Structures are given as C-alpha cells and as structure tokens.
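All remarks here apply to the structure that follows.
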2 protein chains.
Amino acid sequence: MGYNTRRATLKIFDEFHQRTSAYALNPVEFSVLSLIGHNANVSPSQLCTELSLLPPNLTKILQKLSNKHLIQRYRPDSDKRAIYLKLSDTGKQKLEQLEVVVSKLERDMASKLTDKQLELLMELLQRIYS
Amino acid sequence: MGYNTRRATLKIFDEFHQRTSAYALNPVEFSVLSLIGHNANVSPSQLCTELSLLPPNLTKILQKLSNKHLIQRYRPDSDKRAIYLKLSDTGKQKLEQLEVVVSKLERDMASKLTDKQLELLMELLQRIYS
DNA sequence: TATTGTTATACTCTATAACTATA
DNA sequence: TATAGTTATAGAGTATAACAATA
C-alpha cells in the first residue's frame, strides 16, 4: 500500500512541477498558500499541525512566500508572540490561477477514473491517514 | 489528490519505521530486497525502471544491502557489464520475516477498510500512476 | 559509439537543538 | 515556567555530470 501511494504521489508531484513551473512553488508550498487563502488569520502552528510540518521548515516556506509578496504576516495585539497569516492581493491572484491549473491536473491524473471513483479514492485515503 | 496520497504515504512510512526499526531498512530498501527476492537475477537497471530510482541512488542501496550480507551480486558471462542480483540465505530469511511484519502493517493501517475496499484502493492508485 | 554500473557531488527535504520574545 | 516562532545546522533523500569497463 505504501508503495502504491508513493508511486501515485511521485507521478502527481512530477506533473505538478511541469504544469506550475512558472510559479516556482512545490506542492507543499502550494498547500500552505491554499490553506492560508481559505483560512485567513491562520497561525503557523495551526499550519504545522494540519500539514504535518515541523515549525523550522514551515518558517522557511513562509519566508519564501513572503519574499514573493504572496502573504502578509502580522502579530495580533491579543498575543504578541503569535503570528496571523493572510494572502496579499498578489497572493490571492496567484492562488486563484494555481487552483485552476491544479484542479485540471487532478482531473487529468485521474483520467482512468470516473468522478465517483475519484471521490471514493479520496475517502479511502483519508480513512488511512486520519 | 497528491495531498491525500502524500499524507497516507507519510503515515504508512512512519508506522513502517516503528515496526521494522530492528532491520534498519527504509521502505524503498525493503522494496528493493523484496523485488530481488521474487525476481532472482534481476538487474539494477530493471530495478531502477520498476521503482523509479536513479542508478546512482540504487547503487547506494545495493551497497547497503550487500554490506548487510542480504544480497549477492555477480556478473554473468554473457555480458560482463551487467550485474545479476539475488538474495543470500540471510537475505531470504530477513525478507520472510519482514514480509510478515509488513503484511500485518498493511492490514492494520487499513483497519477502517474492508478487504474489498483495500483491494479497490490499490487498483485505483495503480490506475493513477501506470 | 552505446550501454551498464559506479563515483563524486550538489541540491532539496526533513529533523534536532538552541535561541528570542512574549505570556 | 511555558508557548510561538526563528535561526543554525545536521542528516536523509534525490538529482546531475563525469567516469571505467564492456558491448
């Protein structure tokens, strides 16, 4: 099973790189961008939990996204240790574009599956890791 | 989809490490050992193709397996460039033990799935990457 | 000249420890 | 004393180029 999930991941990630090379973001970085986009004011620690990333590694991803002016970080008055994350206008624009590419990618990678089968595949995978 | 396959892979590999730490082999190294075990006289280039590994990286894996006295390498008379791989007696023994652990691991990781669903999951994944 | 496999090496990804600032 | 996040760094995994030996 691990063999099959890994082979599928490699294939999908390879195609992801080919189709999104103009954005210079890898799949995990895209996930971070997407989660921030759909959960404004999310914190780094929440992202670490949700994506199984270690804090030091997430910090580097956030620095990269920040250097590309895709996200903004600010410290809330309620807790000056914490950081809230949200997308910049550029970030929102890029995310929207990327989501179109990625959703087409997903459909193409599953070209041998019906919509129902793809949905089922997702559910079975989630039952494995959750 | 890539997100879900990756999360599942991470979970499975993590459990793999916990249950097989005594053998000091990672999942890919186990796959190499297993493929050699079930395909005597397979060549490194065949393994590279089958497992999507690059030759220099497979070489390192084979050196590790060889240092552990799990495999034997020999050059056939028919082509002195090529290498044939097979398991040593120790290798056969270790593989047999590992396969018991791994097949139990597989069943446990899919505890929320019926046998039929697990079988289906495999087939859907293979349709993605093949 | 092409193929098989190896060596050396660089790059990316992931993991650990120590640190700053705030609570 | 504990928590959020950062920095520095080490280690594992993956990639590219150059090479030796054989076909």
Side-chain angles (χ1 to χ4, degrees), chain A residues 2-3 5-7 9-14 16-18 20-21 23-32 36 41-67 71-86, chain B residues 2-3 5-7 9-14 16-18 20-21 23-32 36 41-67 71-86:
Chain A
Y3 175 80
T5 56
R6 179 171 180 269
R7 290 296 301 264
T9 302
L10 290 176
K11 177 100 182 272
I12 296 166
F13 279 21
D14 187 64
F16 180 96
H17 283 118
Q18 287 180 38
T20 67
S21 57
Y23 297 86
L25 294 179
N26 69 29
V28 174
E29 289 157 356
F30 165 72
S31 295
V32 171
I36 296 172
N41 295 333
V42 70
S43 71
S45 62
Q46 287 173 310
L47 290 176
C48 283
T49 303
E50 181 60 29
L51 296 172
S52 289
L53 295 173
L54 293 170
N57 300 329
L58 177 64
T59 294
K60 276 193 287 187
I61 292 173
L62 294 178
Q63 284 167 347
K64 177 174 175 179
L65 296 177
S66 186
N67 289 339
I71 63 168
Q72 293 168 346
R73 303 191 255 193
Y74 64 96
R75 295 185 183 276
D77 288 337
S78 59
D79 184 344
K80 282 296 182 188
R81 294 170 305 180
I83 285 185
Y84 282 8
L85 300 164
K86 60 178 183 179
Chain B
Y3 174 79
T5 56
R6 179 172 179 268
R7 291 294 301 263
T9 303
L10 289 176
K11 177 103 181 270
I12 296 166
F13 278 22
D14 187 65
F16 180 96
H17 283 119
Q18 288 180 37
T20 67
S21 57
Y23 296 87
L25 294 179
N26 68 29
V28 173
E29 290 157 356
F30 165 73
S31 294
V32 171
I36 297 172
N41 296 333
V42 70
S43 70
S45 62
Q46 288 173 309
L47 290 176
C48 283
T49 303
E50 182 59 30
L51 296 172
S52 289
L53 296 172
L54 293 170
N57 300 330
L58 177 64
T59 294
K60 276 193 288 187
I61 292 172
L62 294 177
Q63 284 167 347
K64 179 174 174 181
L65 296 178
S66 186
N67 289 339
I71 62 169
Q72 292 168 346
R73 301 192 258 193
Y74 63 95
R75 296 185 181 275
D77 288 336
S78 59
D79 184 344
K80 282 296 180 188
R81 295 170 307 182
I83 286 184
Y84 282 8
L85 299 163
K86 60 178 185 180

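Numbers restart at 1 for each chain; the letters A, B, ... are given by sequence-line order, proteins then strands. Heavy atoms only: backbone and side chains are in, while hydrogens, waters and symmetry mates are out. Just so we're clear, the structure is a prediction, and the values are computed from it rather than from any experiment.
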Exercise answer: donor-acceptor pairs, residues 54-62 of chain A side-chain atoms, under 3.5 Å, sequence neighbours excluded:
unit_1, atom_1, unit_2, atom_2, d
A:Thr59, OG1, A:Pro55, O, 3.0

*Using atom CZ of A:Phe13 as one end and atom P of D:dT14 as the other, report the distance to the nearest whole Å.*
12 Å
*Starting at the 5' end of DNA chain C, which residue's closest nucleotide do you reach first, B:Ala82 or B:Gln63?*
B:Ala82
*Give the ring-plane orientation class for A:Phe16 versus A:Phe30, where under 30° counts as parallel, over 60° as perpendicular and anything between as tilted.*
tilted
*Rounded to whole angstroms, how far apart are CZ on A:Arg75 and P on D:dT3?*
18 Å
*At how many degrees, to 10°, do the end axes of the helix from C:dT1-D:dA23 to C:dA23-D:dT1 meet when each uses five pairs?*
10°
_From CG of A:Leu65 over to C1' of D:dT6, roughly how many Å is that when rounded to an integer?_
16 Å
*Check side chain to side chain donor-acceptor pair (under 3.5 Å) between B:Tyr23 and all other residues, then give those that pass, not counting sequence neighbours.*
B:Gln97
*Between atom NZ in A:Lys60 and atom C1' in D:dT7, what is the gap in whole Å?*
10 Å
*asked:* If the cut-off is 4.0 Å, is A:Arg73 near the phosphate of D:dA4, judged by side-chain N/O to OP1 or OP2?
replied: no
*State whether a side-chain donor-acceptor pair under 3.5 Å links B:Asn67 with B:Gln63.*
no
*Provide, to the nearest angstrom, the distance between the OH atom belonging to A:Tyr74 and the P atom belonging to D:dG5.*
13 Å
*When rounded to the nearest 0.5 angstrom, what is the spacing between CG in B:Leu85 and CZ in B:Arg73?*
7.5 Å
*If a protein heavy atom is under 4.0 Å from the base, mark B; if only from the sugar-phosphate, S; if neither, -; do that for nucleotides 16-23 of chain D going 5' to 3'.*
BB---BBS
_Rounded at 0.5 Å granularity, tell me how far CG in A:Asn41 sits from CD1 in A:Ile36._
10.5 Å
*Kindly indicate, with the supporting measurements, whether the criterion side-chain contact (heavy atoms from CB on, under 4.5 Å) is fulfilled by A:Leu25 and A:Lys64.*
CA-CA 9 Å; A:Leu25 294 179; A:Lys64 177 174 175 179; 4.2 Å; yes
_I'd like to check the ring pair (Phe, Tyr, Trp, His ring centres under 6.0 Å) partners of B:Tyr3; sequence neighbours left out, ordered by chain and number._
none
*Would you mind reporting whether A:Val32 and A:Leu51 have side-chain heavy atoms less than 4.5 Å apart?*
yes
*With a non-hydrogen cut-off below 4.0 angstrom, is B:Pro55 in contact with a base, only sugar-phosphate, or nothing?*
base
*Just how far is it from atom CD of A:Gln46 to atom OH of A:Tyr84, taken to the nearest 0.5 Å?*
8.5 Å
*Taking only the side-chain nitrogens and oxygens of A:Ser45, find out if one of them lies under 4.0 Å from OP1 or OP2 of D:dG5.*
yes
*Atom CG of A:Leu62 to atom C1' of D:dT6: distance rounded to whole Å?*
11 Å
*In whole Å, what is the span from the OH atom of A:Tyr84 to the P atom of D:dA4?*
12 Å
*Please list, in 5' to 3' order, the outermost nucleotides of DNA chain C lying under 4.0 Å from any heavy atom of chain A.*
C:dC13 to C:dA23
_Atom pair NZ (B:Lys86) and CD (B:Gln72), whose distance is rounded to the nearest 0.5 Å_ = 5.5 Å
